[in-house]
Number of protein chains: 2
Amino acid sequence: MEYTITKFAKLAGVSSRTLRYYDEIGILKPARINSSGYRIYGPEQVNQLQQILFYRELGMELEKIRNIITSPTFDPAEALSEHRTKLLAKRTKLNKMIASVDQSLAAAEGRITMSDNEKFEAFKQKLVDDNEEKFGEEAREKYGDETVDKSNQKVLGMSEEKYAEVNRIEMEMKEALSKGMAIGDPASEPAQKAADLHRKWLTYFWDKYTKEAHAGVAQMYVDDERFTAYYDHQQPGTAEFLRDAVHIYTGMNS
Amino acid sequence: MEYTITKFAKLAGVSSRTLRYYDEIGILKPARINSSGYRIYGPEQVNQLQQILFYRELGMELEKIRNIITSPTFDPAEALSEHRTKLLAKRTKLNKMIASVDQSLAAAEGRITMSDNEKFEAFKQKLVDDNEEKFGEEAREKYGDETVDKSNQKVLGMSEEKYAEVNRIEMEMKEALSKGMAIGDPASEPAQKAADLHRKWLTYFWDKYTKEAHAGVAQMYVDDERFTAYYDHQQPGTAEFLRDAVHIYTGMNS
DNA sequence: TATACACCTTGACGTAACGTAAAGGTAAAG
DNA sequence: CTTTACCTTTACGTTACGTCAAGGTGTATA
């Protein structure tokens, strides 16, 4: 079972150049060199190449692959785990890029009016940034790429009238919320009305509504200080109160 | 408002080498060259560099950026949309890599017994492959990265006893299902028992159960011919019947 | 005014993992 | 013996710069 370089390459589905390169960088040496200087590969090389290709498939650099397969003290699991972290970071970066592309596509296609209302622009910018930078990673983990992508697109595609509606609803919600807080009971009618308005408000950004996600967001208002600060601006404890109201509203308080 | 190269670079947050390179490849020429051969940049260059950096942030190649910003006939929206497709493809590829890494990590950490039961291995392999290749992209879009990642890990971490349980439950489900089909009513007791067993079966793969997702999977059995073929193997119409039963079971049939 | 020091120039090598010639030796077939 | 197929090494091209190196320029200070 000995092969010259092209036979070996075809067997493994790589190019002969690749094999010469692997020889050059010392990651895969041929079994021997014959009298004419030809590289001769054997079954042992078949196995080793399989290994190399396996790690290569995972997007790992040849340098690291060499570490794994040559150094006996090297821990493959650790290397893999480290590699996994890298891949996750890449994915996060890609997600951000995609969100940005969606954003500028929306602008390019004229779905959003390029300014004339700066607040409006800033508002959308902020929403998308929030979506991505602040809790984009977590949200994508929990709700999925499509959900977050669509949410971004929905925001970016929003007209100024819609924007006005959103603003009105948010104001109504805050009003109901402060009434509820005056009563002090998140199960009270104004508090539940606030929770319902909050649901309405969310549907402007979300593609589909679920109680679980609603409750999750409400919890986040408490957990993430940036949101807490936003809601507690007028009155401390508002974020927490809203969360309680929403948890009752969604029935996720048990 | 004229700048020598380093001032301009600092203003824009790039290196002077970058600016020389951009000059070299003709993507951003200085406004003029002074008597000593120094590159002098003006406000026009500031704007153009902003543009370049914007597209660069999106991961676009400088060559394409040049096309966009120099050629007047070039459609930026089309280029962006094409770029978006590329990014999505990259993300899919990354997702697959991560799944593979998880898989081999499971093997490396000994969570799965390396062989001695070939069927078992093949079974897990198949499940993971299903998860990824068949509807991995869709599932990730719908349920999120974390959900699918965890599902894969759960399968790979499964012991042989668990595997036996899973198999038993699936058989029980199929039995109940055929009884239900004999009756012909997806609301009948055996059919509902099948739906319940199906839920149990799913929890072996899913990190968390929701009615919506359960109903979604059942629908997929009908929509995706590969699954339809699997369920209809014994008796045609089984996939559809199971879907109906699950939709009743989850209350998603209204 | 001499000099130190900051800033500019072009040229060129290095990076990762090969693809792609080019120039020349070898094996097998006709 | 020639053609053809296959092998060898050498070396440039790819992307977007980082990093010297060698040498010219501008300005503040001793």
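Applying side chain to side chain contact (heavy atoms under 4.5 Å, CB included) to Leu62(A) and the options Asn67(A), Ile25(A), Leu28(A) leaves one that passes, Ile25(A). Checked options Ile65(B), Thr18(B), Val14(B); the residue passing with Ile52(B) is Ile65(B) (criterion: side chain to side chain contact (heavy atoms under 4.5 Å, CB included)). When each of Arg56(A), Arg66(A), Lys86(A) is tested with Glu61(A) by the rule salt bridge (Lys or Arg N to Asp or Glu O under 4.0 Å), just one qualifies, namely Lys86(A).
Within the 4.0 Å cut-off from OP1 or OP2 of dC7(C), not a single side-chain nitrogen or oxygen of Thr6(B) is found. For Arg39(A) and dT9(D), the shortest distance from a side-chain N or O to OP1 or OP2 is below 4.0 Å. Applying the 4.0 Å criterion to OP1 and OP2 of dC8(C), one finds that Ser16(B) has every side-chain N and O outside that range. Between Arg20(B) and dC17(D) there is no side-chain N or O to OP1 or OP2 distance below 4.0 Å. When the side-chain nitrogen and oxygen atoms of Ser36(B) are compared with OP1 and OP2 of dG26(D), one or more of them lie within a distance under 4.0 Å. The phosphate of dG18(D) (OP1 or OP2) has a side-chain N or O of Ser15(B) nearer than 4.0 angstrom.
Rounded to a whole Å, the OH atom of Tyr21(A) is 15 Å from the C1' atom of dA11(D). Atoms CD1 (Ile52(A)) and C1' (dC18(C)) sit 14 Å apart, rounded to a whole Å. Residue Glu24(A) contributes atom CD, which lies 13 Å from atom P of dG19(C) at whole-angstrom precision. Rounded to whole Å, the distance from CD1 on Ile40(A) to C1' on dT26(C) is 12 Å. The interatomic distance linking Lys64(A) (NZ) with dA16(C) (P) rounds to 11 Å, in whole Å. When rounded to the nearest whole Å, the span between CG of Asp23(B) and C1' of dC17(D) equals 14 Å. Whole-Å rounding puts the Arg17(A) CZ to dC7(D) P distance at 15 Å. Regarding Ile33(B), its CD1 atom lies at a distance of 19 Å from the P atom of dG24(D), rounded to whole Å.
Each of Tyr22(B) and Lys10(A) was matched to the nucleotide of DNA chain D holding its nearest heavy atom; the match closer to the 5' end belongs to Lys10(A). Between Leu19(A) and Ser35(A), the one whose closest nucleotide on DNA chain C sits nearer the 5' end is Leu19(A). Where Lys7(A) and Thr18(B) meet DNA chain D, the nucleotide closest to each residue was compared, and Lys7(A) sits on the side nearer the 5' end.
Distance from the side chain of Leu62(A) is smallest for dC18(C) among the nucleotides dT8(D), dC8(C), dC18(C). Proximity note for Arg56(B) (side chain, C-beta onward) versus dC17(D), dA11(D), dC7(D): the nearest is dC17(D).
Within 4.0 Å of Glu63(B), counting heavy atoms only, lies no atom of the nucleic acid at all. Residue Ile5(B) is in sugar-phosphate contact alone, with no base atom involved, counting any heavy-atom pair closer than 4.0 Å across all strands shown.
The distance from atom CD1 of Ile98(B) to atom OG1 of Thr85(A), rounded to the nearest 0.5 Å, is 10.0 Å.
Heavy-atom contacts from other residues, nucleotides or ligands closer than 6.0 Å to NZ of Lys93(A) number 12 or fewer. Applying the 6.0 Å contact sphere to CD of Gln50(A) captures more than 12 heavy atoms from other residues, nucleotides or ligands.
No N or O donor and acceptor, one from the side chain of Tyr38(B) and one from the base of dG26(D), sit under 3.5 Å apart.
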